[in-house]
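Quick notes on the structure that follows.
Residues take their numbers from the sequence shown, with the count starting at 1. In what follows, every heavy atom counts, from backbone to side chain, and hydrogens, waters and symmetry copies are set aside.
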Amino acid sequence: MERLDQQIRFVTEIDRLKGVLRQTMLAGPGRRENSAEHSWHLAVMALALAGHAPRGTDIARVTAMVLVHDLVEIDAGDLFVYADEEQQARQEKAERAAADRIFALLPEDQAGRLRGLWDEFEERRTPEARFARALDRLQPMLENLKVGGGTWQEHGITADQVLAKVALIEDGSPALGKYARDLVDRAVRDGLLAPAPGPG
């Protein structure tokens, strides 16, 4: 029963992800998205958008990766994607410590496998990780469009800042990257996203 007890401790602990709020606003309920909802959404996006992944991508692995990628936010919380470098460095350290704690709740073989998926997502060295990261960057853009600009407007984000993040989408899927660039153009045209500041 020790193995089962460890697994139950893990699945009970990860339920706390439902209480971690993100910056992203949801259109229907008019509230912030939680990290568990975000992970679920990415998993379904992986299934629906699999045809836009590089040939040979293991979509089951992508799906598993997006389901575990934000578990560390139970301890570290969510950080706004446009946070400065110092905040990003602090978050990275906090997330690594969280990964050490959370995945260690599992039996050793499962802990290694799931921690490996988390590390793979972070390192972006495989087609699966790059596609998973592309979905992770695309999803908040879609939500911002649904709520009339969302966090872009709330934080004064400009098109050039968003396009810098689109590079990660293009790295994982050229087709989704092109789509994301078109979304940025549309958002600027519709007044949902401020254009890049002009010279001077």
Side-chain angles (χ1 to χ4, degrees), residues 22-27 33 35 37-70 72-73 78-85 87-88 91-92 95 117-199:
R22 299 170 52 80
Q23 290 287 325
T24 306
M25 289 298 297
L26 298 175
E33 175 185 51
S35 288
E37 292 168 323
H38 169 71
S39 298
W40 164 82
H41 199 184
L42 294 186
V44 179
M45 286 174 68
L47 298 177
L49 301 175
H52 303 288
R55 185 182 303 275
T57 299
D58 181 347
I59 294 300
R61 190 169 186 83
V62 173
T63 304
M65 213 176 290
V66 297
L67 286 171
V68 303
H69 83 290
D70 273 342
V72 294
E73 293 184 359
D78 178 57
L79 182 70
F80 189 39
V81 69
Y82 299 101
D84 65 36
E85 287 183 20
Q87 291 171 306
Q88 296 277 4
Q91 182 74 5
E92 184 178 335
E95 288 186 356
L117 287 169
W118 185 83
D119 287 333
E120 183 178 342
F121 178 87
E122 291 297 308
E123 294 163 5
R124 291 185 15 244
R125 287 190 293 198
T126 64
E128 288 78 12
R130 289 190 292 273
F131 188 65
R133 290 293 290 266
L135 299 175
D136 190 42
R137 284 290 178 261
L138 179 61
Q139 189 261 359
M141 293 178 65
L142 299 174
E143 295 295 342
N144 278 339
L145 286 170
K146 281 186 354 191
V147 296
T151 55
W152 292 335
Q153 292 196 353
E154 182 180 344
H155 294 279
I157 302 302
T158 56
D160 57 310
Q161 292 174 283
V162 179
L163 288 170
K165 304 300 180 186
V166 168
L168 267 181
I169 301 175
E170 291 171 324
D171 186 45
S173 168
L176 294 182
K178 181 183 182 316
Y179 185 79
R181 285 191 177 277
D182 291 343
L183 285 182
V184 170
D185 289 344
R186 186 191 326 163
V188 171
R189 186 181 66 240
D190 294 347
L192 305 179
L193 175 64

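- Listed by chain and number, the residues in a salt bridge (Lys or Arg N to Asp or Glu O under 4.0 Å) with Arg181 are Glu170 (sequence neighbours excluded).
- In this structure, NZ in Lys165 is found 6.5 Å from OH in Tyr82, a value given to the nearest 0.5 Å.
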Checklist entry - Can Asn144 and Met141 be said to form a side-chain contact (heavy atoms from CB on, under 4.5 Å), step by step? => result CA-CA 5 Å; Asn144 278 339; Met141 293 178 65; 5.7 Å; no
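- Legend: residues meeting side chain to side chain contact (heavy atoms under 4.5 Å, CB included) with Lys146, ordered by chain and number and at least two apart, are Ala27, Glu143.
- Between Ala196 and Ala159 the shortest heavy-atom distance is N-CB, 3.9 Å.
- Contact annotation: the side chain of Met45 approaches that of Leu142 to within less than 4.5 Å [non-hydrogen atoms, C-beta and beyond].
- Checked against side-chain hydrogen bond (donor to acceptor under 3.5 Å, both in side chains), Glu128 has no partners two or more places apart in sequence or in another chain.
- Within the structure, side-chain hydrogen bond (donor to acceptor under 3.5 Å, both in side chains) pairs that include any residue of residues 48-65 comprise Arg61-Glu120 (at least two apart or interchain).
- Glu33 meets the salt bridge (Lys or Arg N to Asp or Glu O under 4.0 Å) test with Arg22; sequence neighbours excluded.
- Once rounded to the nearest 0.5 Å, the distance linking CG of Leu168 with CZ of Arg130 reads 11.0 Å.
- For Glu123, the side chain to side chain contact (heavy atoms under 4.5 Å, CB included) partners at least two apart in sequence or on another chain are Asp119, Arg125.
- The pair Asp171-Arg124 counts as a salt bridge, with a side-chain nitrogen and a carboxylate oxygen less than 4.0 angstrom apart.
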Item to check | Stepwise side-chain contact (heavy atoms from CB on, under 4.5 Å) test for Trp118 and Glu95 | outcome: CA-CA 10 Å; Trp118 185 83; Glu95 288 186 356; 4.0 Å; yes
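- Here the closest non-hydrogen pair linking Val188 and Ala194 is CG2-O, 4.3 Å.
- Residue pairs that meet the side-chain hydrogen bond (donor to acceptor under 3.5 Å, both in side chains) test with at least one member in residues 152-161, sequence neighbours left out, are Gln23-His155, Arg32-Glu154, Thr158-Asp160, Thr158-Gln161.
- To the nearest 0.5 Å, atoms CG (Leu192) and CG (Leu183) are separated by 10.5 Å.
- Annotation: ring-ring contact (aromatic ring centres under 6.0 Å, His included) contacts of Tyr179 (sequence neighbours excluded): none.
- Between Leu42 atom CG and Leu47 atom CG the span is 11.0 Å, to the nearest 0.5 Å.
- In this structure, CG on Leu117 lies 10.0 Å from CG on Leu67, to the nearest 0.5 angstrom.
- The ring pair (Phe, Tyr, Trp, His ring centres under 6.0 Å) contacts involving residues 119-149 comprise His69-Phe121, where partners must be two or more places apart or lie in separate chains.
- Taking both residues in full, the closest heavy atoms of Ile59 and Ala53 are given as CD1-CB, 4.1 Å, listed atom of the first, atom of the second, then distance.
- Minimum heavy-atom separation, Leu135 to Leu176: CD2-CD1, 4.0 Å.
- With sequence neighbours left out, the side-chain hydrogen bond (donor to acceptor under 3.5 Å, both in side chains) criterion links Ser35 to Glu73.
- Not counting sequence neighbours, Ser39 has no partner by the side-chain hydrogen bond (donor to acceptor under 3.5 Å, both in side chains) test.
- Take His38 and apply the side-chain hydrogen bond (donor to acceptor under 3.5 Å, both in side chains) test, not counting sequence neighbours, and it matches Asp136, Gln139.
- Nearest heavy atom pair, residue Val81 against residue Gln88, reads O-NE2, 3.3 Å.
- Within the model, atoms CG of Leu145 and CG of Leu193 stand 8.5 Å from one another, a figure rounded to the nearest 0.5 Å.
- Taking every heavy atom of both residues into account, Ala180 and Leu138 meet most closely at CB-CD1, 4.3 Å.
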